[in-house]
Protein chains: 2
Amino acid sequence: MVFACVGAVQGIDMKDEKDEKKSEKPGKEKKVVGGRDQLIQAALILASTTRSLASLGLREIARAAGLNPNTFYRHFDNFDDFTLTMILQLGASLRTSVRECWQQPMRKIPPADSADAAARIRRAQAIVKASTALIFDHFDAHKNTYITGIREIHGASPLLRKATNELVKNIADDLANDVLLHLQLPADDEKVVRETSLAIVRQMTFIGYEYLEFPKRREALQQQAEHFALLLVVGVISTQAPELMESMAQVLSAAKLS
Amino acid sequence: MVFACVGAVQGIDMKDEKDEKKSEKPGKEKKVVGGRDQLIQAALILASTTRSLASLGLREIARAAGLNPNTFYRHFDNFDDFTLTMILQLGASLRTSVRECWQQPMRKIPPADSADAAARIRRAQAIVKASTALIFDHFDAHKNTYITGIREIHGASPLLRKATNELVKNIADDLANDVLLHLQLPADDEKVVRETSLAIVRQMTFIGYEYLEFPKRREALQQQAEHFALLLVVGVISTQAPELMESMAQVLSAAKLS
DNA sequence: CATAGAAGTATACATCTGTATACCTCGTGC
DNA sequence: GCACGAGGTATACAGATGTATACTTCTATG
């Protein structure tokens, strides 16, 4: 009833935000990246340092990207559309690049005599060690992506949960396939190798996140990761190929002294 | 300048929310629980079904609890104060109750002849199996707490991350202590047992969350959990006490046929 | 060259949020 | 028997947010 004055109030939303983003290099390379990628990049930084992806605000992201809030709608329908696109895009790139971390050692470390069980086990050990180091470097190189991605694995959004869990599963399957092909292990049961790979990737989720939060702990965490992987390898061999146990015992007792 | 009318506008915030919470049972047991616990309970349900704990709104929680937003400040200073209190309280209760899940099988399954290595290994197997079943029941009984807690392990709030990670570590230490005392395993190296326990608890984080999201998968997940734990036990024994390998091989090949 | 569409901006506004101030209502201890 | 403090409520308001409408560039293609 007393709202008659409302019509007269003008411009109360003017200067909503005081962006000072005018005329940065009005020369040639003005829009080297599209607003779409600017938004994704801004959201990645925000999500990895302040909040969960799904809880970010559309205005907040646009502000961080130096863009108008409405620009958001030019590229994405929903907020879900945005976050999902982002996770899928980042995830796909991560998946292919992390695979190199174990494929390279598998290629570089020469195959062992397939009759010499002990040599094959030693080779597996060496590959685990080299791969772990490369994976930690990979964490460093993709810090924000890892933090944001891992955060959504058990996050609140069912959509992102599904996407990230599929990513984990795919990475684990890549690992399993490569192990089956190139590790020269007597792994009769493919299912066991797949399950074990999944367990390793999941564990690396914890270790990697801890590493990114406390980089100083790298040495201890790297060793923990190697240890864990080797424990599983030994476990798999013991249950799948008990006939190799004695040669494994030799390798292990030799390693204990080092 | 055109805001002269603002002073005249009255009651624009009246009836902020249309709560219909008047006079529910005006009889005796009116306030059986304090508002403090009502808030915690409401937040637990909201967090486990809709959003991350730290991203909940204070008004949202109060609304769900049927209380006035300001009641919040009667019990907690900050929002951080609230969430931290909540996690610590729920976590402490969870820690003591989950311990029973493995302590009970350890008590109920009779000790094996300490000279009979194979018997001790079979006992460990039985304890793992029984404990896993109880732990899955525990997931069911504390669904909301698990979902909310696990979500914060890699969540955005450093405070909650610290609290939940300490909880995980404490639960893992409980497990390690009980294993060292009651599992009759030749575990020379205490550090290995602690690390392995941590890995198991972390893995159960994934498996438990998946179970709570897809209860139908219980059987497969339970088996996966048992499998994983046994693989680690075998791995630990192989590396710590290679002299037990041959009796282990017997048990394993016998189990394979079953 | 014209022009249509894509990308971006400006303004607006209803709605929700955290919080401040003030008031009410018990049960307890003096 | 009364003062007081803890727990709870009512009202208010400044600020932020998502989104709608309309305007302005650019840029590619006929």
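Chain identifiers are assigned alphabetically (A, B, ...) following the order of the sequence lines, protein sequences preceding nucleic acid strands; residue numbering begins at 1 within each chain. Just so you know, these numbers use all the heavy atoms, side chains as well, and skip hydrogens, waters and symmetry mates. This is a predicted model, so every value here is computed, not measured.
- Interface residues of residues 72-88 of chain A facing DNA chain C, ordered by number: A/Arg74, A/His75; criterion, heavy-atom separation under 4.0 Å.
- Applying the side chain to side chain contact (heavy atoms under 4.5 Å, CB included) test to B/Glu213 and every residue at least two apart in sequence or in another chain returns A/Arg161, B/Tyr209.
- Side-chain contact check for A/Phe214 versus A/Leu221: every heavy-atom pair is 4.5 Å or farther apart.
- Screening residues 143-159 of chain B for salt bridge (Lys or Arg N to Asp or Glu O under 4.0 Å), with sequence neighbours left out, gives no hits.
- Separating the CD atom of A/Glu60 from the C1' atom of C/dC16 is a distance of 16 Å, rounded to the nearest angstrom.
- As rounded to whole Å, 15 Å separates atom C1' of D/dA6 from atom CG of B/Leu39.
- Legend: residues meeting side chain to side chain donor-acceptor pair (under 3.5 Å) with A/Arg36, ordered by chain and number and at least two apart, are absent.
- For B/His142, the side chain to side chain contact (heavy atoms under 4.5 Å, CB included) criterion is met by B/Leu94, B/Ser97, B/His138, B/Thr145, B/Tyr146, not counting sequence neighbours.
- Pairs passing the salt bridge (Lys or Arg N to Asp or Glu O under 4.0 Å) check and including a residue from residues 89-102 of chain B, sequence neighbours excluded, read B/Arg95-B/Asp174, B/Arg99-B/Asp174, B/Arg99-B/Asp178, B/Glu100-B/Arg107.
- Taking atom CG of residue B/Leu58 and atom P of nucleotide C/dC16, one finds them 16 Å apart after rounding to whole Å.
- For B/Arg63, taking side-chain heavy atoms from C-beta onward, the closest of the listed nucleotides D/dT21, C/dT17, D/dT9 is C/dT17.
- As rounded to whole Å, 10 Å separates atom P of C/dC16 from atom CZ of B/Arg59.
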